[in-house]
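Nothing fancy with the numbering, it's 1 onward along the sequence. All ligand and atom numbering here is 1-based and tracks the order in the structure.
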Amino acid sequence: MKLIEHFVNGKIIPGSSDKKGKVFNPATGEQESEVRLASKSDLDSTVEVAKKAFETWSFKPALQRARIIFKFKELIEKNSDELTKLIVSEHGKVYEDARGSLTRGLEVVEFACGIPHLLKGEFSENVGTNVDSWSIRQPLGVVAGITPFNFPAMVPMWMFPIAIACGNTFVLKPSEKDPSCAIRLAELLSEAGLPEGVFNVINGDKEAVDAILENKDIKAVSFVGSTPIAKYIYENSAKNEKRVQALGGAKNHLVVMPDCDLDGAVNGLMGAAYGSAGERCMAQSVAVAVGDIGDELVSRLSKKAEALKVGPGMDKASEMGPLVTKEHLEKVTSYVDLGVKEGAKLVVDGRGLKLQGYENGFYIGGCLFDHVNKDMRIYKEEIFGPVLSVVRVKTFEEAAKLINDHEYGNGVSIYTRDGDAGRTFASKIQVGMVGINVPIPVPMAFHSFGGWKRSLFGDSGMHGMEGIKFYTKLKTVTSRWPSGVRSNAEFVMPTMK
Ligand code: NAD
């Protein structure tokens, strides 16, 4: 059986630990490989390597760093089919969706190619007589990324292209459920000319994560995953004096106003609720039907949800693939059972789906609940599967209150033809990423990604200028080159003359 190892100092290396995890192909349910799970000493020795690499990498001119990132961009394009197949084989999502997610990661690489421009500082001449002042941003040192299973290429690519372009060195701890993509990206970075030790991948579980949090030489931690772990990462990074951004879970609402283009809203909901089998932090898992639109909305959604083509990710006819693991399938199924017990109306039931030839795959069909209310656990909690809940409200204000009261605040959308409703929504809603007649409002690489409330701990989002700021520290220099009379010592707070 294939064993997935770590990538350190420019090469694949076996770790010191015997601990291994299982990696499945969700389409067949078969275990296809094992992944080595790092010990604390594996992590610590990798950080030593990255620390050493930082000494030279951080002083390389930004233009030279950018040229390597440019080359990496070309290599991703050249190898996109292979990378996409790796995503499909370990995550399960359908090929075109996996390819789209790779493209969204590639866009961050493209953004990072502009690093010489992005790192330009500020300069003020003559802040006092013959005194100049300038501000620059310098890299932090060794930084780490801890990433979830649902975007094995894109989420790491939100982080490392910008971090290394800024001059940091990086240790990535990808999800142990689908680790192969990260290793391949590391190989491509080496092929692009990245010096050894600048980008390293350590596979592992909680032990590796805790070793990251405890390592004094790691200066910043970027995390994406579920909210309880995000909170743990945030608290422990802060305790160990690290800069931290920790993105958590979500429960995203799409508000359907009575005046909207209903076909547009239904199609938007279908893709946003069931795409990637709902395993997206920006999935729309709650449709809020405003006024009298509920019956028509549910009727149209149910026809489409029943007709969803579920199958292996490599089958071109599949619109939705399997879930990532058997345990996750059981968890999602148990939420559907719970919704029935809680009294919601299960309009479309995808439980127990068996596909001929793929009987052991981790499949569930699209599920649709109507008459869900705010007290039900299926409304409050993140299910992370293809389960769409319809909540009916009377007014726009009621819809907005529902969303603002929810503990999560990652993404949200409104479908309407009323500019006033759209504008008020964008202005008042307590959510970080807002769509108006757009189902999945994921910001582009040159903007920044991040939710509010318990969907993000820390104060900066991923990529865009937030990424540049997160991966650099500010230095401000005030300088005078004395000529003529030397000044005497001054004992009062300096003010510029
Ligand atoms: P997860 O929290 O289980 O795992 C994320 C990472 O944390 C993995 O690398 C994992 O190895 C590690 N981890 C897991 N348990 C740990 C523990 N007890 N101690 C220390 N480390 C631990 O998340 P997941 O199931 O891989 O991913 C799905 C979650 O990620 C969902 O909640 C989803 O909403 C969220 N997510 C959020 C965003 C966002 O941008 N907000 C994006 C993608 C996914």
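- Selection from G450, G461, A283, C281 by nearest heavy atom to atom 36 (N) of ligand 1 gives C281.
- With sequence neighbours left out, the ring-ring contact (aromatic ring centres under 6.0 Å, His included) criterion links H406 to H253, Y379, Y408.
- By the side chain to side chain contact (heavy atoms under 4.5 Å, CB included) test, A53 is found to be paired with T169, V198, residues two or more places apart in sequence or in another chain being considered.
- Annotation: L247 places no N or O atom under 3.5 Å from an N or O atom of ligand 1; distance criterion only.
- Near V209, the atoms of ligand 1 lying under 4.0 angstrom from a non-hydrogen atom of the residue are 20 (C), 21 (N).
- In this structure, atom 34 (O) of ligand 1 lies nearest to the protein heavy atom E382 OE2, 2.6 Å.
- Of all protein heavy atoms, the one closest to atom 3 (O) of ligand 1 is S226 OG, 4.0 Å.
- Heavy atoms of E279 found under 4.0 angstrom from ligand 1: none, in either backbone or side chain.
- Contact check on R104 versus E107 returns a salt bridge, with a Lys/Arg side-chain nitrogen under 4.0 Å from an Asp/Glu carboxylate oxygen.
- When only non-hydrogen protein atoms are considered, atom 15 (N) of ligand 1 lies nearest to I229 CD1, 3.6 Å.
- Using modelled atom types and a 3.5 Å distance limit, the side chains of S222 and Y471 yield a donor-acceptor pair.
- The N/O atoms of Y232, backbone and side chain alike, include none that comes under 3.5 Å of an N/O atom in ligand 1.
- The residue from Y408, F449, F223 that puts a heavy atom closest to atom 7 (O) of ligand 1 is F223.
- Here's the thing with D205: none of its N/O atoms is less than 3.5 angstrom from an N/O atom of ligand 1.
- Checked by distance only, ligand 1 and G248 come closer than 3.5 Å through their nitrogen or oxygen atoms.
- Proximity of the aromatic rings of H91 and F149 is defined here by a centroid distance below 6.0 angstrom, and this criterion is met.
- At a heavy-atom distance under 4.0 Å, only side-chain atoms of E176, from C-beta outward, approach ligand 1.
- The side chain to side chain contact (heavy atoms under 4.5 Å, CB included) test with N200 singles out one residue from V49, V47, L172, and that residue is V49.
- The shortest N or O to N or O distance between T227 and ligand 1 is not under 3.5 Å.
- For the pair E279 and K93, the minimum side-chain heavy-atom distance is 4.5 Å or more.
- E381 and Y335 share a donor-acceptor pair across their side chains, judged by distance under 3.5 Å alone.
- Between W158 and ligand 1, no pair of N/O atoms sits closer than 3.5 Å.
- Side chain to side chain, Y358 and D315 fail the donor-acceptor criterion of an N or O pair below 3.5 Å.
- The protein heavy-atom contact nearest to atom 24 (P) of ligand 1 is F149 CD2, 3.6 Å.
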